[in-house]
> 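I have a structure here, written as structure tokens, and I will follow up with some questions on it.
In what follows, chains are A, B, ... by sequence order, proteins preceding strands, each numbered from 1.
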2 protein chains.
Amino acid sequence: MLGGVRGRRSLPVIGQPQPERADAARNRQKIIEVAAKMIAESGAEGLSLDEVARVAGVGVGTVYRRFGDRAGLVLALIDERERQFQSAFFAGPPPLGPGAPAGERIVAFLHALIDRIVAQQELFLVLEKGGKTNRFTGPYRVHHIHLATLIAQACPEVDARYLADALLAPVNACLIAFQREERGMTVEEIKSGLTALAGAVTG
Amino acid sequence: MLGGVRGRRSLPVIGQPQPERADAARNRQKIIEVAAKMIAESGAEGLSLDEVARVAGVGVGTVYRRFGDRAGLVLALIDERERQFQSAFFAGPPPLGPGAPAGERIVAFLHALIDRIVAQQELFLVLEKGGKTNRFTGPYRVHHIHLATLIAQACPEVDARYLADALLAPVNACLIAFQREERGMTVEEIKSGLTALAGAVTG
DNA sequence: AGTCTAATCGGAGAGTTCTCCGTTTACCAG
DNA sequence: CTGGTAAACGGAGAACTCTCCGATTAGACT
């Protein structure tokens, strides 16, 4: 089929994917709404994609084509709040946004991330156990780049890329849930432990 | 049923559970062998407990009663090597075992842990995605206590318990797989990054 | 050996996840 | 409006995980 016309008849613009078809967009929206409502009512743990599909009035296939799997759907839900969060640390007021010294921004960022995870713990738990959709997709990459940049500013001689991974690693829903539920730690204790670690790193 | 005789007729010794019944022990052994062989042949990813049961010649119920779920079975496989590992850092030669300064033991321990995870990556990946059996059970607790003890020795004024979690967090199969496969990092790079972090912590 | 009891067994079955592919639909060009 | 095409739909079905509970059996005691 070399040279054959592929896709729409109008010239395909490289790197700019076609807009979603109207029915597809409608269905995606509906699925997200239904999933959000079902989770709000009965938790993310036992969320059945089968049921989401039924309630949303689409076939199961549609849900899977759109989101890949449970984790993918959950990631889409998380993404909604993620955008606000990203604009807060890219362009919001200090110490989270630009304007404060890098060291303070690092701490503010990590604290905000912890709050975010605590607030949507169930969602993040599902994401982390995800099947094909792994947790290092999407938001993680952005967090990593942001944090690595700040670390490099605060402390140029270290391996900022690795340290960013290492500081993000303890900020995961699974560990935080364990620390709070089994170890009886409070969110404040977790934050202050992480602050100490960040302080040691940036020197 | 208060005061009624429960279990075997001989006095039950508190805290010392009855030995496993012979058939139960035989089945457990057989299941573990079969699972190990199947994983060696075709990877841990697509391991089906249904098939394990069939090949081992037991019912599915038996597998689940014994190991709880996929992650539980995998944990049992991991446990076999775990014992050697534990005796190495509890009683083996330095720097992993006792005799070296705490700071060096910490680094040796973390490196050994990384090697261990790299060697059994697939198994650990399954464990971390586990259903009910979570990864902070069993071995994790031992590692945590050991590391926290060393940290407290090296550096008494810090929150050793939290820092132990934080140093163990980047040593997980999921992250390491990502770093190696997607980021192209080598095991050596990961180790040296972690060494730097441990150094910063223990001052 | 015979009895008894609790632990163990095992497989049917309910509930999910995810795939495959024939059918339908949106939307562009003419 | 009509026709054509790629994308989207949807549900049957394959495969898996895990539960439940009546049947079976190991092992202690007599």
> Measuring to OP1 and OP2 of C:dT16, would you say a side-chain N or O of A:Arg70 lies under 4.0 angstrom away?
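The answer is no; no side-chain N or O of A:Arg70 sits under 4.0 Å from OP1 or OP2.
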> Look at all strands and tell whether B:Arg66 reaches a base, only sugar-phosphate, or nothing, counting heavy atoms closer than 4.0 Å.
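Sugar-phosphate contact only - B:Arg66 comes under 4.0 Å of backbone atoms but never of a base.
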> Using atom CZ of B:Arg54 as one end and atom P of D:dT17 as the other, report the distance to the nearest whole Å.
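Rounding to the nearest Å, CZ of B:Arg54 and P of D:dT17 are 12 Å apart.
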> Within this structure, what is the OH-to-C1' distance between B:Tyr64 and C:dA12, rounded to whole angstrom?
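Computing the B:Tyr64:OH to C:dA12:C1' distance gives 15 Å.
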> OP1 or OP2 of D:dC9 sitting under 4.0 Å from any side-chain N/O of A:Asn27?
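Indeed, a polar side-chain atom of A:Asn27 lies that close.
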> Can you check the B:Arg26 CZ to D:dT25 P distance for me, whole Å?
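Spelled out: CZ on B:Arg26 to P on D:dT25 is 12 Å.
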> Does B:Lys129 place a side-chain N or O at less than 4.0 Å from the phosphate oxygens OP1/OP2 of D:dT17?
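No, B:Lys129 has no side-chain N/O under 4.0 Å of OP1/OP2 on D:dT17.
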> I'd like to check B:Arg161 versus A:Arg183 (side-chain heavy atoms, cut-off strictly below 4.5 Å). Are they in contact?
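They are in contact (side-chain heavy atoms under 4.5 Å apart), so the answer is yes.
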> Would you confirm whether the ring centroid of B:Phe136 sits within less than 6.0 angstrom of the ring centroid of B:His143?
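No.
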> Where is the tightest heavy-atom contact between A:Thr133 and A:Ala71, given as atom of each residue plus distance?
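Scanning both residues completely, I find the closest heavy atoms to be CB-CB, 3.8 Å.
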> Taking only the side-chain heavy atoms of A:Ala22 (C-beta and beyond), determine which of C:dA26, D:dG27, D:dT17 contains the nearest atom.
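My answer, after comparing the listed nucleotides, is C:dA26.
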> Which comes earlier along DNA chain D counting from the 5' end, the contact point of A:Asp50 or that of A:Val58, where each point is its nearest nucleotide?
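Comparing both residues, the 5'-ward one is A:Val58.
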> Taking atom P of D:dC16 as reference, at what distance in whole Å does atom CZ of B:Phe67 sit?
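Answer to the nearest Å: 19 Å.
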> Could you tell me how far apart B:Leu49 (CG) and C:dG10 (P) are, to the nearest whole angstrom?
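Those two atoms, CG and P, are 15 Å apart.
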> Evaluate the salt bridge (charged side-chain N to carboxylate O under 4.0 Å, His left out) criterion for residues B:Arg116 and B:Glu82: first the C-alpha distance (whole Å), next the side-chain angles of each, then the deciding distance (0.1 Å), finally the verdict.
CA-CA 9 Å; B:Arg116 195 166 145 54; B:Glu82 177 65 21; 2.9 Å; yes
> Between A:Gly61 and A:Gly46, which residue's closest nucleotide on DNA chain C lies nearer the 5′ terminus?
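Taking each residue's closest nucleotide, the earlier one in sequence belongs to A:Gly46.
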> Once you measure the plane-to-plane angle for B:His144 and B:Tyr140, does it fall in the parallel (<30°), tilted (30-60°) or perpendicular (>60°) bin?
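Correct class here is parallel.
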> Just to be sure I understand the rule, does A:Leu47 reach a base, reach only the sugar-phosphate, or reach nothing, if contact means heavy atoms closer than 4.0 Å?
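Result for A:Leu47 = sugar-phosphate.
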> Using whole Å, what does the distance between atom C1' of nucleotide D:dA26 and atom CZ of B:Arg28 come to?
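Whole-Å distance recorded here is 16 Å.
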> What does B:Ser48 touch in the nucleic acid at a heavy-atom separation under 4.0 angstrom: a base, only the sugar-phosphate, or nothing?
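Here B:Ser48 touches the backbone only, sparing every base.
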> Does OP1 or OP2 of C:dT19 have a side-chain N or O of A:Lys132 closer than 4.0 Å?
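For C:dT19, OP1/OP2 do have a side-chain N/O of A:Lys132 under 4.0 Å.
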> Please give, in whole Å, the distance from D:dA7 P to A:Arg65 CZ?
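It works out to 12 Å between those atoms.
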> Would you mind classifying the nucleic acid contact of A:Asp23 as base, sugar-phosphate or nothing, using non-hydrogen atoms under 4.0 angstrom?
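Sugar-phosphate contact only - A:Asp23 comes under 4.0 Å of backbone atoms but never of a base.
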> Take the protein atom CD1 of B:Ile31 and the nucleotide atom C1' of C:dC9, then report the distance between them rounded to whole Å.
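Rounded to the whole Å, the gap is 11 Å.
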> Among the candidates D:dC9, D:dC18, C:dC18, find the nucleotide nearest to the side-chain atoms of A:Thr62.
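In terms of side-chain proximity for A:Thr62, the closest of D:dC9, D:dC18, C:dC18 is D:dC9.
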> Picking from C:dT19, C:dG10, C:dA6, which would you name as closest to the side chain of B:Arg21?
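Looking only at side-chain atoms, B:Arg21 lies closest to C:dA6.
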> I want to check something: taking the side chain as every heavy atom from C-beta on, are B:Phe85 and B:Phe90 in contact at a cut-off of under 4.5 Å?
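No - every pair of side-chain heavy atoms lies 4.5 Å or more apart.
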